[in-house]
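Only one structure is covered here, and it is reproduced in the block below.
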Protein chains: 2
Amino acid sequence: MMSSTLRIKPPAPQVVNEQLAQADALCRERGSNLTPLRRQVLELVIRQGRPVGAYDLLDSLRTQGRGSSPPTVYRALEFLQQEGLVHRLPAQNTYMACSHPHHHHRGLIFTCSRCGQALELETPDLFGMLEDYARPHGFEISDDSLEISGVCPFCQEASRDAR
Amino acid sequence: MMSSTLRIKPPAPQVVNEQLAQADALCRERGSNLTPLRRQVLELVIRQGRPVGAYDLLDSLRTQGRGSSPPTVYRALEFLQQEGLVHRLPAQNTYMACSHPHHHHRGLIFTCSRCGQALELETPDLFGMLEDYARPHGFEISDDSLEISGVCPFCQEASRDAR
DNA sequence: TCATGTAATGTTATAGTATTACATTACGTT
DNA sequence: AACGTAATGTAATACTATAACATTACATGA
Ligand SMILES: [Zn+2]
Ligand SMILES: [Zn+2]
Ligand SMILES: [Zn+2]
Ligand SMILES: [Zn+2]
């Protein structure tokens, strides 16, 4: 990981706090336990404003004085994924904060293979179509998001400039 | 990896040979170089009849007397992916033979998170819809297949039996 | 023939990602 | 106080993938 490109600035502190407050509310409603550690990991993910690797999170935790090892961060990420607060991006081995955690959704995430930036969309028709393809084969979809890789507009422009 | 469940029997030798012959023809047409090593890896992937991990392939190569190390198999897989003969499944870190290598296609692959089995479908409408979602954001898709995880009918049945 | 360039493969080492297994702590219930 | 459970701490290890450099095979042309 440790990609240096940064096209989209990290969210303002106020926005971060709003998202965290929303997570607090969600977990309270559901009776799930957003502990200080889990909340701290979520905050780190949100502050990044882009997909981040588990070991980057681990480094940040350590910087913040939390004596941590891999299971610490993987457990927190697992919880956050179950709660729909974080998505895992398998093609990049990264994790990102969900853009719309307040309602259950199954979304599409575009990730740039050059800079690692990601964009999460609401795609009302997509999973319906996927279910239609799956049904005749008896397959039951469990993924709550779909990652697809490509090249973002910034990196496309960079390619053109290089020629 | 090393999942023991085997619901779908491996392809008959005749089918394997047909697929290999097709790969030979494709690469000859394109002027690409399907070397003995690459062809051997492809044969291993085809014979599995299901997604297989890189280190499993490595073990098989060694069994067959080919002195191999990780780069050997990763390089072969990279070539085979470029030629559209093999797909990588990021959520499982596995590789599978393309079901329709004879024509360029961008397909949908269902993978079972329980047993690892996979099913590749022709999905004429899917990538068009994905492009429609991507276009307004200037995003350019490069993936040639889309993996989505769920539970296959056999494993669903196993769950019901367990209750 | 023989130098040279290129593609492919061999080889060693290391980087990066994730899980297992077991110990400890915190806290509510009986 | 004893117990049970959820959460976290800790050490070790497994699994996946790439970097870097050496060697081989072979085509091409001097
Ligand atoms: Zn989301
Ligand atoms: Zn980009
Ligand atoms: Zn295919
Ligand atoms: Zn299954």
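Lettering of chains follows the sequences in order, A, B, ..., and the numbering in each one begins at 1.
Between B:Ser69 and C:dT12 there is no side-chain polar atom (N or O) within less than 4.0 angstrom of OP1 or OP2. Dashed line: the shortest gap from a side-chain N or O of A:Asn33 to OP1 or OP2 of D:dA7 is under 4.0 Å. Here B:Tyr95 does not reach the OP1 or OP2 of D:dT16: none of its side-chain N or O atoms lies under 4.0 Å away. Between A:Thr35 and the phosphate of D:dT8, there is a side-chain N or O to OP1/OP2 separation shorter than 4.0 Å. For the OP1/OP2 pair of D:dA17 and a distance below 4.0 Å, the side-chain nitrogens and oxygens of B:Arg88 include at least one atom meeting the criterion. In terms of phosphate contacts, B:Arg38 brings a side-chain nitrogen or oxygen within less than 4.0 Å of OP1 or OP2 of C:dT9.
Using a cut-off of 4.0 Å between Lys/Arg side-chain N and Asp/Glu carboxylate O, B:Glu131 and B:Arg135 are scored as not salt-bridged.
Atom CG in A:Asp59 sits about 12 Å away from atom C1' in C:dG16, given to the nearest Å. Rounded to a whole Å, the CG atom of B:Leu58 is 14 Å from the C1' atom of C:dT9. Here the C1' atom of nucleotide D:dT18 and the CD atom of A:Gln92 are 17 Å apart, to the nearest Å. The separation between A:Leu37 atom CG and D:dT10 atom P is 12 Å, rounded to whole Å. D:dT8 atom C1' lies 19 Å from atom CZ of A:Arg39, rounded to whole Å. Between B:Gln82 atom CD and C:dA8 atom P the separation is 10 Å, expressed in whole Å. The CG-P distance, from A:Asn93 to C:dA15, rounds to 18 Å in whole Å. The separation between A:Leu80 atom CG and D:dT8 atom P is 10 Å, rounded to whole Å.
Residue pairs meeting the salt bridge (Lys or Arg N to Asp or Glu O under 4.0 Å) criterion with at least one partner in residues 76-103 of chain B, sequence neighbours excluded, are B:Arg30-B:Glu83.
Between the side chain of A:Arg75 and the base of D:dG9 there is at least one donor-acceptor pair of N/O atoms closer than 3.5 Å. Under 3.5 Å, the side chain of B:Tyr55 and the base of D:dA14 form no donor-acceptor pair of N or O atoms.
Residue contacts for A:Phe79: at a heavy-atom cut-off of 4.0 Å it reaches no nucleic acid atom on any strand shown.
Checked by atom type, the side-chain pair B:Arg47/B:Ser60 shows no donor-acceptor distance below 3.5 Å. A:Thr72 and A:Arg66 share no donor-acceptor pair across their side chains, judged by distance under 3.5 Å alone.
Each of B:Pro70 and B:Arg66 was assigned the nucleotide of DNA chain C with the nearest heavy atom; the assignment lying further toward the 5' end belongs to B:Arg66.
Which of D:dA19, D:dT10, C:dT19 sits closest to the side chain of A:Tyr74 comes down to C:dT19.
Checking B:Ile148, B:Leu119, B:Thr123 one by one against A:Tyr133, the side-chain contact (heavy atoms from CB on, under 4.5 Å) holds for a single residue, B:Thr123.
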